[in-house]
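The structure under discussion appears below in the form of structure tokens.
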Amino acid sequence: MTKTKIATGALAGLALTGAVAGSVSAQSAAEATGLTMAQAIEIALLEVSGEVQEAELEKDDGVMIYEIEILDANGQEYEVEIAADTGTVIEVEAEDEDHD
């Protein structure tokens with residue numbers, strides 16, 4: 001019984017640590033890039049209206065960018081690339097069906 005309580009307490013502590021680390025990580029990313037994911041999504045939706053399918057922060061040619069994939073009302077998928085440090089739209093590209 002004591003081992004179960006200790007294990008449960010340890011798991012709860014790990015879960016809490018993970019949640020704290022996750023929010024620190026998101027905050028650190030915003031501080032490092034100057035732009036949050038939410039802000040990048042807002043900018044992308046000004047370029048292409050629709051439903052966000054995927055959003056990620058990645059390094060492309062040494063530059064941090066947000067890639068936001070949006071599905072518009074006609075079913076066309078777009079990828080919007082945004083400079084993570086300035087919020088400048090780098091590229092808006094319609095995805096074709098053969099593109100992975």
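Computed from a predicted structure; not experimentally measured.
Atoms CD and CD, from E95 and E69 in turn, are 6.0 Å apart once rounded to the nearest 0.5 Å. In this structure, CD in E79 is found 6.0 Å from CD in E93, a value given to the nearest 0.5 Å. Here E77 contributes atom CD and D72 contributes atom CG; the two are 10.0 Å apart, rounded to the nearest 0.5 Å.
The shortest side-chain heavy-atom distance between E58 and M64 does not fall under the 4.5 Å cut-off. You'll find the side chain of M37 reaches within 4.5 Å of the side chain of Y66, heavy atoms only.
Of the possible polar contacts, none joining the N74 side chain to the Q76 backbone as a donor-acceptor pair under 3.5 Å is found.
Taking I43 as the reference, L35, I82, V89 meet the side-chain contact (heavy atoms from CB on, under 4.5 Å) condition, with sequence neighbours excluded.
With side-chain heavy atoms closer than 4.5 Å counting as contact, directly or through intermediates, the hydrophobic cluster containing I90 also holds V63, I65.
Note on V92: it clusters hydrophobically with L45, by side-chain heavy-atom contacts below 4.5 Å among ILVMFWY residues. Under the 4.5 Å side-chain contact rule for hydrophobic residues, I41 and Y78 share a cluster.
Under the side-chain hydrogen bond (donor to acceptor under 3.5 Å, both in side chains) criterion, the residue pairs touching residues 38-53 are T36-Q39, with sequence neighbours excluded.
The two residues A44 and I70 have their closest heavy-atom pair at O-CD1, 3.7 Å. In plain terms, the two heavy atoms of A55 and I68 that are nearest each other are CB-CD1, 3.6 Å.
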